[in-house]
Participant: 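A single structure is presented below for examination.
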Amino acid sequence: MATVHKINEDLVKERQKCTFNVQELTYLLDGGEEVTKERREFENILRNVKELQDEVPEVYLSHKERYENAVRKTCILQNVRNDFEKKREVLSPRNIFRAGYAVIKDVSPFFLHNGMFVPTIIGQGTPEQQAEWLPKAKAMAIIGTYAQTELGHGTFIRGLETTATYDAKTEEFILNSPKVTSYKWWPGGLGTTVNHCITVAQLYINGKKYGIHPFIVQIRDLETHKPLPGIKVGEIGPKMGFATANNGFLGFQNFRIPRKNMLMKNAQVLKDGTFVKGMNEKLTYGTMVMVRVNIVSDSAFHTAMAATIAVRYAAVRHQSQLKAKEPEVQIIDYLTQQHKLFIAIATSHAFSNTYTWLYQAYLKVVEDLGKQKQDHLPELHALSCCLKATSSRDAGVIVEQCRLACGGHGYMASSNLPIIYGYTTAAITYEGEHTVLLLQTARYLMKAWMSALEGKVLAPSVAYLVDWLKSDKQRWQNTPEVIVKGFQHVAAGKIKDAFDAIQKHVKAGKDYEDAWNLASVQLIKASEAHSRAILCDGYLRETVRTSSSVSPSLAKVLNHLVQLYIVYWTLETAGDLLVYSNIGKDDIAVLKEKYEELLALIRPNAVGLVDAFDISDEILQSTLGSYDGRVYERLMEEAMKSPLNKEPVNQSFHKYLKPFIKKAKL
Ligand SMILES: CC/C=C\C/C=C\C/C=C\C/C=C\CCCCC(=O)SCCNC(=O)CCNC(=O)[C@H](O)C(C)(C)COP(=O)(O)OP(=O)(O)OC[C@H]1O[C@@H](n2cnc3c(N)ncnc32)[C@H](O)[C@@H]1OP(=O)(O)O
Ligand SMILES: Cc1cc2nc3c(=O)[nH]c(=O)nc-3n(C[C@H](O)[C@H](O)[C@H](O)COP(=O)(O)OP(=O)(O)OC[C@H]3O[C@@H](n4cnc5c(N)ncnc54)[C@H](O)[C@@H]3O)c2cc1C
């Protein structure tokens, strides 16, 4: 039986101070009591699967052993999940996503299967294609990934070089990778795990190019797992993080696939080679929109993980004295520490709330597309781009801030903060590089500005441009609602400036594209400001909405958090607000005090707030952040697992050190 340890006394006291019901907040964050119960039940089952316990911490395994262990455990996880789903409802995707962290210490080599392979079959396949591939894919009789990026191109996907040439005689596509830069590079699981992939390739029919399209390709034999003739596939090697994601490369040499393997929900190639255009060629990019929306939720979770570790650690850790002769204080009582950590809690809430409405907007667009309506697609694309970019970037900054807030121990692998940083920083690049996505949103914002000037009705997320043009700037008040308006004024002002900069360059004789490039620093700043306005506005609106349905004590804490988020960003962007809104120096001075008051109000609830994220120790995998707060004992226990501590004298002493020392003595 597992030993039950006493909970650290500081944490016990912190939990007694909490002014709200932690469980109530957990249910709210999960989306309901039933979701929490389902999640806990599944996590509890996993906790008791002996084969999932690692004998040796993964960090001490070789690259190959680590990968093999990840495959072994993912297969067990999948079997446990299947058994669970046989008896009960199908697990919610977010619950299975969270549970994965308890099993795979890094990223699963199967991650892209459910993350992109299956969704692409659903989003891009015809009903017949779905009937053929989905049952096999869902049962994992076939395992796939999403192979789009190549060595030469990741961002500019119209420039992809893999070719799919239609042969009407045999009704097949012939896949080729003409150059080294045409090799697929990066897809998760491609290295040595998957037997299928969605390959995005340039379609050619009778020598004419028809742009990029998705194809289902079997790349390995289902029995032997050997690459099929004409396929060159392998793993790309170690990276900054993602140690077990098994990212791979893939090349094709005259590799033939049947016509039916082109996913044809949007565009089609008929038997005789006739190309039938889809409603909108950008629908081929649909899976990316879905993943970008999901990244907002992933960012909320990674931020919550880091906040949980750093807040619990800050409650347990004592260092230095505030006053001479008094005991050393809990580091959480330093205001600078609260400044580093409470924004982490609020940011996770901001992203969760944003994901809630953004996901609904995504579902609405999918529903509309089913009815051949695409009016809201451009707005969704613009929102998903800037919110993916901002949430992943903010999460990266926050996770690193939490690591720094843990001092030296934050640098230990056993704190788990380095791995969490690995997830967050990768997300800034994958699924659309940060700057590139901000520029996609800027493109939409420039059009919106033009429409606003023409007096047209704008989509809800940019309607503030019309208000800004119509009205005088509102008299400043330090209320959340007026501050949000202030963020909209900053966004509107920066959008106008970027637009004017482009016009100026065009008037000076530049091509529009060159003018765009010359204005692009201003464009990304406009896009960032738009993101911040959207995040603050959405977070505030969602908090007001939920506050009426929760207990008054919880409503109060949620209100403190949203205010903290808004005031934090007001102070961070005070320069912009001074330029573009009616805020005055005195208002900023008042807000500085308000910010300090909010830190003090949140202080007694800090541990309760991170407890409410309800991230189990198995998922958190952190010596610094466990529920019981046995920080020092765990650090020592983990250190003792080092293979270097398994023998009193390491052989290198006899082989190298002893002769070296002897020589030095002579
Ligand atoms: C158990 C778990 C444990 C741990 C897990 C932890 C963490 C891990 C979590 C997840 C990680 C897992 C997996 C990682 C997955 C990563 C996968 C990938 O990275 S897949 C590859 C992604 N690639 C990209 O995103 C490429 C980015 N590039 C593009 O999207 C495009 O090239 C572009 C930049 C949008 C440009 O496209 P294009 O040149 O064609 O278009 P234009 O710029 O000319 O614009 C034309 C027109 O089209 C509109 N438009 C563009 N895109 C879209 C779209 N998607 N939808 C709708 N409309 C679109 C654009 O707005 C323009 O409109 P216009 O202005 O003309 O009206
Ligand atoms: C961990 C990880 C997992 C991944 N998994 C997958 C996967 O499963 N499947 C898959 O297909 N791909 C995957 N990718 C690839 C990923 O999608 C690409 O790396 C990403 O889209 C960025 O493209 P790039 O590497 O070509 O960057 P580049 O575009 O070469 O970026 C380099 C620099 O150029 C700048 N730049 C490029 N274009 C412009 C522009 N138009 N305007 C201004 N600046 C520009 C960028 O801002 C950046 O600073 C993964 C990547 C990572 C890191």
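All ligand and atom numbering here is 1-based and tracks the order in the structure. Computed from a prediction, not measured in an experiment: that's the story for all the values here.
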Participant: Answer yes if the ring centres of F117 and Y146 are under 6.0 angstrom apart, and no otherwise.
Facilitator: no

Participant: Closest non-hydrogen protein atom to atom 9 (N) of ligand 2, residue and atom name please, with distance?
Facilitator: Y146 O, 2.9 Å

Participant: In terms of atom number and element, which parts of ligand 1 are under 4.0 angstrom from non-hydrogen atoms of I157?
Facilitator: 29 (C), 31 (C), 32 (O)

Participant: Classify the side-chain pair N69/R66 by whether it contains a donor and acceptor separated by less than 3.5 Å.
Facilitator: no

Participant: Is the closest heavy-atom distance from E433 to ligand 1 below 4.0 Å?
Facilitator: no

Participant: At what distance is the nearest protein heavy atom to atom 46 (C) of ligand 2, and which residue and atom is it?
Facilitator: E433 OE1, 3.2 Å

Participant: Looking only at protein heavy atoms, which one is nearest to atom 20 (S) of ligand 1, and what is the separation?
Facilitator: E431 OE1, 3.5 Å

Participant: Any idea which part of K388 is under 4.0 Å from ligand 1, heavy-atom wise: side chain, backbone, both or neither?
Facilitator: neither

Participant: For residues Y444 and H530, establish whether the separation of their ring centroids is below 6.0 Å.
Facilitator: no

Participant: Identify, for atom 10 (C) of ligand 2, the protein heavy atom at the shortest distance, and state residue, atom and that distance.
Facilitator: T149 OG1, 3.3 Å

Participant: Using the ring of Y355 (Phe, Tyr or Trp, six-membered ring only), decide whether R94 places NZ or CZ under 6.0 Å from its centre and within 45 degrees of its axis.
Facilitator: yes

Participant: Can V289 be said to touch ligand 1, with heavy atoms closer than 4.0 Å?
Facilitator: yes

Participant: Please confirm whether P187 comes under 4.0 Å of ligand 1, counting heavy atoms of the residue only.
Facilitator: no

Participant: At a non-hydrogen distance cut-off of under 4.0 Å, which region of T145 contacts ligand 2 (side chain, backbone, both, or neither)?
Facilitator: neither

Participant: What protein heavy atom sits nearest atom 6 (C) of ligand 1, and how far off is it?
Facilitator: Y101 OH, 3.1 Å

Participant: Given Y285, F242, Y146, F111, identify the one with the heavy atom nearest to atom 40 (O) of ligand 1.
Facilitator: Y285

Participant: Among all protein heavy atoms in this structure, tell me which lies nearest to atom 38 (P) of ligand 1, with the distance rounded to 0.1 Å.
Facilitator: R158 NE, 3.5 Å

Participant: Are there more than 12 heavy atoms of other residues, nucleotides or ligands under 6.0 Å from atom CZ of R98?
Facilitator: yes

Participant: Output the list of atoms in ligand 2 that are nearer than 4.0 Å to some heavy atom of T435, sorted by atom number.
Facilitator: 47 (O)

Participant: When you look for heavy atoms under 4.0 Å from ligand 1, do you find them on the side chain of L283, its backbone, both, or neither?
Facilitator: neither

Participant: Considering only non-hydrogen protein atoms, determine which one is nearest to atom 51 (C) of ligand 2 and report residue, atom name and distance to 0.1 Å.
Facilitator: W186 CD2, 3.6 Å

Participant: Please work out which of the three classes, parallel, tilted or perpendicular, describes the rings of F275 and Y210, given edges at 30° and 60°.
Facilitator: tilted

Participant: For atom 9 (C) of ligand 1, find the nearest protein heavy atom and state the residue, atom name and distance (0.1 Å precision).
Facilitator: Y430 OH, 3.3 Å

Participant: For atom 27 (C) of ligand 1, which of T429, T155, L77, L437 has the closest heavy atom?
Facilitator: T155

Participant: Between ligand 1 and F156, is the shortest N or O to N or O distance under 3.5 Å?
Facilitator: no

Participant: Would you say N246 and T193 are linked by a side-chain donor-acceptor pair, where the criterion is simply a distance under 3.5 Å?
Facilitator: yes

Participant: Judged on heavy-atom distance to atom 54 (C) of ligand 1, which of R443, M288, M446, H381 sits nearest?
Facilitator: H381

Participant: Nearest protein heavy-atom contact for atom 27 (O) of ligand 2: which residue, which atom, what distance?
Facilitator: T155 OG1, 3.8 Å

Participant: Among all protein heavy atoms, pick the one closest to atom 43 (O) of ligand 1 and tell me residue, atom and distance.
Facilitator: Q440 NE2, 3.0 Å

Participant: Heavy-atom distances under 4.0 Å decide this one: backbone, side chain, both or neither, for M116 against ligand 2?
Facilitator: neither

Participant: Nearest protein heavy-atom contact for atom 64 (P) of ligand 1: which residue, which atom, what distance?
Facilitator: K447 NZ, 3.3 Å

Participant: Counting each atom of ligand 2 from 1 as listed, which ones have a heavy atom of E431 under 4.0 Å away?
Facilitator: 17 (O)

Participant: At under 4.0 Å between heavy atoms, which part of V436 makes contact with ligand 1: side chain, backbone, both or neither?
Facilitator: side chain

Participant: For S348, which of N353, L29, T303 qualifies under side-chain contact (heavy atoms from CB on, under 4.5 Å)?
Facilitator: T303

Participant: Can you check whether K388 reaches V291 side chain to side chain, under 4.5 Å on heavy atoms?
Facilitator: no

Participant: Regarding atom 47 (C) of ligand 1: of the candidates K105, H153, K282, which has the closest heavy atom?
Facilitator: K282

